[in-house]
Protein chains: 2
Amino acid sequence: MSLKHAILGFLAVSPMSGYDLRKRMSESVAHFWPADQAQIYRTLSQLTEEKLIEVEVIEQDSRPNRRLHRILQTGETELDRWLAEPLAYQPDREPFLLRLFFVGRIGLDQSMRLLKERAAEAAELAEVLGAIRGQIEAEVPMEHLGLEQTLRLATLANGIKHAEAEIEWIDDLRQQLKERKWPT
Amino acid sequence: MSLKHAILGFLAVSPMSGYDLRKRMSESVAHFWPADQAQIYRTLSQLTEEKLIEVEVIEQDSRPNRRLHRILQTGETELDRWLAEPLAYQPDREPFLLRLFFVGRIGLDQSMRLLKERAAEAAELAEVLGAIRGQIEAEVPMEHLGLEQTLRLATLANGIKHAEAEIEWIDDLRQQLKERKWPT
DNA sequence: TTGACATATAGGATCTGTCCTATACAGTCA
DNA sequence: TGACTGTATAGGACAGATCCTATATGTCAA
């Protein structure tokens, strides 16, 4: 479970409510770590039970009370332990590749369509991530970024790089498919 | 649940036992769709209940009976429906990026180490996949491949492409980190 | 004024998948 | 002889995540 550590990581930057956390995550790590709202709250409860974080209840009249979560020393220790721990490589599930593996059975046209759609999605993703990166770079000049900011920005670059790789791979493949004629 | 469809896809090629299936999958789609043995058997039972596949029990003396699973018309229909269905893009979880996002807090050296290890893993993956591709290409000349074989080979190429992209991205990032001096 | 959106939390059901274990025997290698 | 690998299946416990729902109210725009 890495959501646990993601949360510790965010709370190490500043104390937050579950709501804040959700927003922050969807703005920064959502493209490689989508987080379910219910899961965030559940994990916060769990972390509190494990005494890795603590909660300060801030009374509010008009809304449910704000529960401000703050990381404890034990939590920081656990976070740092996790960061230094060896990371086992595990392949992730790619529904698209699974489909590509079998899509030949419904014909060349459908296969081409699948590839085209995928390329369009990758292009859109690259654009969205590129826009975010552009915005950040415009706001803060690269030379002023600290190590942490640089690495965070790098996760964006990673997404862009892979999106571009996907597009190139699709272009090659489509070219290859076009150049040949198969018996339908 | 795509394991269901992966299984239908394999059974559409030829009838198999759970054991065969497991072997086939680990030889072909494991790098983008790892499958747990227990899960395969459970899914086979489920597919049988749903009348998408049928089972023929082949008696064996020395071993548990072989349960040969065969796809039914309904199963092929479902498979083709799934293949043609629009594929929603969903980001997959990347534990490595999550770690990179936070690793700055334990220092430059540890961050570099994480990147180095990742690059080594990507290089190894590229090599393994490349070897498999090389072997296939040596056995069957490209010109003789049908559409389905070409697409299957393309899933390998996809893995290689992304591994290479990962390596390039890491090289860039490490260069960037080296050129700057941060206050530790 | 009606509906959408933001703030804020949380329970229930369910789904997928992982890990561990158990069973059973044949062949092979040291 | 004993340990390991291959063939073959399957149950139990559990983790992690998703989906849906419920609650409550303020603000802002159409």
Side-chain angles (χ1 to χ4, degrees), chain A residues 1-8 10-11 15-27 29-30 32-50 53 55-69 82 88-95 98, chain B residues 1-8 10-11 15-27 29-30 32-50 53 55-69 82 88-95 98:
Chain A
M1 215 231 314
S2 291
L3 178 58
K4 182 170 148 177
H5 296 104
I7 289 177
L8 288 175
F10 277 100
L11 294 185
M16 276 182 244
S17 70
Y19 191 84
D20 296 335
L21 206 44
R22 217 210 136 219
K23 261 179 64 185
R24 282 292 196 84
M25 291 188 73
S26 72
E27 284 161 6
V29 298
F32 58 85
W33 205 275
D36 183 75
Q37 172 262 112
Q39 192 63 14
I40 288 176
Y41 283 104
R42 260 188 266 272
T43 306
L44 282 170
S45 304
Q46 199 192 314
L47 287 168
T48 308
E49 256 180 60
E50 289 175 31
I53 63 175
V55 186
E56 182 190 340
V57 179
I58 295 169
E59 309 268 338
Q60 296 190 125
D61 301 332
S62 58
R63 279 180 274 256
N65 289 335
R66 224 173 115 76
R67 297 166 53 77
L68 194 70
H69 302 266
W82 174 73
Y89 174 79
Q90 302 193 60
D92 24 76
R93 294 195 159 68
E94 299 281 357
L98 186 61
Chain B
M1 214 229 317
S2 290
L3 178 58
K4 182 169 148 176
H5 296 104
I7 289 177
L8 287 176
F10 278 99
L11 294 184
M16 277 184 242
S17 70
Y19 191 84
D20 296 337
L21 206 44
R22 217 210 137 219
K23 261 179 65 186
R24 282 293 196 82
M25 291 188 72
S26 72
E27 284 160 6
V29 298
F32 59 86
W33 205 274
D36 183 77
Q37 173 262 114
Q39 192 62 14
I40 288 175
Y41 283 104
R42 261 188 264 271
T43 306
L44 282 170
S45 304
Q46 198 193 315
L47 286 167
T48 309
E49 258 180 57
E50 289 174 30
I53 62 175
V55 186
E56 181 189 342
V57 179
I58 295 168
E59 309 267 338
Q60 296 189 128
D61 300 333
S62 57
R63 279 181 274 256
N65 289 335
R66 224 173 113 78
R67 298 166 53 78
L68 195 70
H69 301 267
W82 173 74
Y89 173 80
Q90 301 193 61
D92 24 77
R93 294 196 158 68
E94 298 282 358
L98 186 61

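- Distance, Leu68(A) CG to dT7(C) P: 15 Å, rounded to whole Å.
- Applying the 3.5 Å distance criterion, the base of dG12(C) shares a donor-acceptor pair with the side chain of Arg42(A).
- Nearer the 5' end of DNA chain D, as judged by each residue's closest nucleotide, is the contact made by Gln46(A), out of Gln46(A) and Gln90(B).
- Atom P of nucleotide dT9(C) and atom CD of Gln37(A) are separated by 10 Å, given to the nearest angstrom.
- We find that Arg67(B) and Glu56(B) are not joined by a salt bridge, their nearest charged nitrogen and carboxylate oxygen being 4.0 Å or further apart.
- At whole-Å resolution of the value, CG in Leu44(A) and P in dA8(C) are 14 Å apart.
- Heavy atoms of Ala38(A) sit under 4.0 angstrom from at least one base atom.
- For Arg22(B) against dG6(D), a side-chain-to-base donor-acceptor contact under 3.5 Å is absent.
- Put simply, CE on Met16(B) is 17 Å from C1' on dT9(D), counting in whole angstrom units.
- For the pair Arg66(B) CZ and dT9(D) C1', the interatomic distance rounds to 12 Å; values are reported in whole Å.
- Taking every side-chain heavy atom of Arg67(B) into account, dA10(D) is the closest of dA17(D), dT18(C), dA10(D).
- Between the CD atom of Glu49(A) and the P atom of dA10(C) there is a distance of 12 Å, rounded to whole Å.
- One interatomic measurement links the two molecules: CG of Asp92(B) to P of dA17(D), which rounds to 14 Å at whole-angstrom precision.
- Taking only side-chain nitrogens and oxygens, Ser17(B) never comes nearer than 4.0 Å to OP1 or OP2 of dT7(D).
- Between the side chain of Arg66(B) and the main chain of Val57(B), no donor-acceptor pair closer than 3.5 Å is present.
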Steps toward side chain to side chain contact (heavy atoms under 4.5 Å, CB included) verdict (Lys23(A), Met16(A)): CA-CA 10 Å; Lys23(A) 261 179 64 185; Met16(A) 276 182 244; over 6 Å; no

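- Checked by atom type and distance alone, the side chain of Ser2(B) never pairs as donor or acceptor with a backbone atom of His5(B) at under 3.5 Å.
- dA8(D) atom P lies 7 Å from atom OH of Tyr19(B), rounded to whole Å.
- Considering only side-chain N and O atoms, Arg93(B) lies nowhere under 4.0 angstrom from the phosphate OP1 or OP2 of dG16(D).
- If you check every strand for non-hydrogen atoms under 4.0 Å, Lys23(A) touches sugar and phosphate atoms only.
- Residue Met25(B) comes nearest to Ala6(B) through the heavy atom pair CE-CB, 4.1 Å, listed as atom of the first residue, atom of the second, then distance.
- With dA10(C), dG17(C), dA8(D) as the candidates, the nucleotide lying closest to the side chain of Tyr41(B) is dA8(D).
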